[in-house]
Number of protein chains: 2
Amino acid sequence: MMMSNSLYQDSHCAVDFTLAKLWVDRRAVTLTRKEYELLSALTSNAGEIVPRGVLLRTVWGYGPDIRTRTLDVHIRRLRRKLGGYGEQYIETIFGVGYRFQPWREPKPFAAEPHVLRASA
Amino acid sequence: MMMSNSLYQDSHCAVDFTLAKLWVDRRAVTLTRKEYELLSALTSNAGEIVPRGVLLRTVWGYGPDIRTRTLDVHIRRLRRKLGGYGEQYIETIFGVGYRFQPWREPKPFAAEPHVLRASA
DNA sequence: CTCTTTTTTGCAAATCTTTCACAACTTCCC
DNA sequence: GGGAAGTTGTGAAAGATTTGCAAAAAAGAG
């Protein structure tokens, strides 16, 4: 039985590890076990790259010589369940693995095109 | 004034652990012994997942290697006796167990502003 | 024996996981 | 730029597992 009430949370997304639940913008989303384990592995290292091999080992128990696409499929489903933020949250590090990025507010005045605020 | 030591209660359903009785919308429902024990195990952990293994152990005294469908059968009878709310109250956590959900589950987020920070 | 309660049995149905085939993409090199 | 090679994205379908359920057998109680 689980006991620690640990959860990840930022302004759009919350993960409760004891209830095995995810909320996206206050809307409850149910996760399957593998989805939950994968999300857990990612959020518990939020901001850091988690190599594919590590995920395949910790979530699936696979050895380093197993060829499978199930990780990609689960990543896709997680991204969907994260709503419109999926791509923003789960970043692909090509050739290495994935990284769960905590929510970052929209970039300030970067290389944005000219925005004029009309004053009536 | 008579007092019941332990009882679960929400707006539709009440369980008295000392009297071993259940009321659904003010209407008394008789439970058999096993039904009561199972409901008790669930409501006393209301809102939390109770794994199948735990139920089989605490209610039936079964070990971890027993294969039976009697738990499912009892869950079904309980759901029936909970009237139209059966499905709402007793939630199936696929591959894990069951969870008794208090009526209109409490929201994990605060109503208005929501910046809670959790410990890891 | 009769009635109630509990468990088992055997599928059916629902759910979750993995694979597959191929499209899309990244990187590297010429 | 234009491949080539390797990596990732994706929808659909197969595979595997779990749960729901009805009916009947088994177990108790009076």
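Naming: A, B, ... by sequence-line order, numbering from 1 per chain.
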Between [options], which nucleotide gets closest to the side-chain atoms of [X]?
X: A:Asp72; options: D:dT8, C:dT7, D:dC21; result: D:dT8
X: A:Phe94; options: C:dT7, D:dG9, C:dT26; result: C:dT26
X: B:Tyr98; options: C:dT18, D:dG20, D:dT8; result: D:dG20

So, OP1 or OP2 of [N]: does either fall under 4.0 Å of a side-chain N or O from [X]?
X: B:Arg76; N: D:dA22; result: yes
X: A:Thr32; N: C:dT17; result: yes
X: A:His74; N: C:dC16; result: no
X: A:Arg80; N: D:dG11; result: yes
X: A:Arg77; N: D:dG11; result: no
X: A:Thr92; N: D:dT7; result: no
X: B:Trp60; N: C:dT6; result: no

Which part of the nucleic acid does [X] contact within heavy-atom distance under 4.0 Å: base, sugar-phosphate only, or nothing?
X: B:Thr70; value: base
X: B:Arg79; value: sugar-phosphate
X: B:Arg69; value: base

For a 4.5 angstrom cut-off between non-hydrogen side-chain atoms, does A:Ile90 reach A:Phe100?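 SC-SC contact between A:Ile90 and A:Phe100 confirmed.
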Is A:Arg52 salt-bridged to A:Asp72, going by a charged N under 4.0 Å from an acidic O?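 A:Asp72 and A:Arg52: salt-bridged.
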Salt bridge present between B:Glu48 and B:Arg99 (N-O < 4.0 angstrom):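 B:Arg99 and B:Glu48: not salt-bridged.
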Would you please classify the geometry between the B:Tyr62 ring and the B:Trp60 ring as parallel, tilted or perpendicular, with 30° and 60° separating the classes?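 B:Trp60 and B:Tyr62: tilted rings.
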Between [atom2] on [N] and [atom1] on [X], what's the gap in Å once rounded to a whole number?
X: A:Lys34; N: C:dT18; atom1: NZ; atom2: C1'; value: 11 Å
X: A:Ile66; N: C:dT17; atom1: CD1; atom2: C1'; value: 15 Å
X: B:Lys81; N: C:dT6; atom1: NZ; atom2: C1'; value: 12 Å
X: A:Leu56; N: C:dT19; atom1: CG; atom2: P; value: 11 Å
X: B:Glu35; N: C:dT5; atom1: CD; atom2: C1'; value: 9 Å
X: A:Glu87; N: C:dA24; atom1: CD; atom2: C1'; value: 13 Å
X: B:Leu78; N: D:dT19; atom1: CG; atom2: C1'; value: 16 Å
X: A:Arg67; N: C:dT18; atom1: CZ; atom2: C1'; value: 13 Å

Should A:Leu39 and A:Val54 be counted in the same cluster of Ile, Leu, Val, Met, Phe, Trp and Tyr side chains packed under 4.5 Å apart?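 A:Leu39 and A:Val54: one cluster.
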Should we count NZ of A:Lys81 as having more than 12 external heavy atoms under 6.0 Å?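 More than 12 heavy atoms, drawn from other residues, nucleotides or ligands, come within 6.0 Å of this atom.
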Quick one: on DNA chain C, does A:Val73 or B:Leu71 contact a more 5' nucleotide (nearest heavy atom)?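 It is B:Leu71 whose nearest nucleotide is closer to the 5' end.
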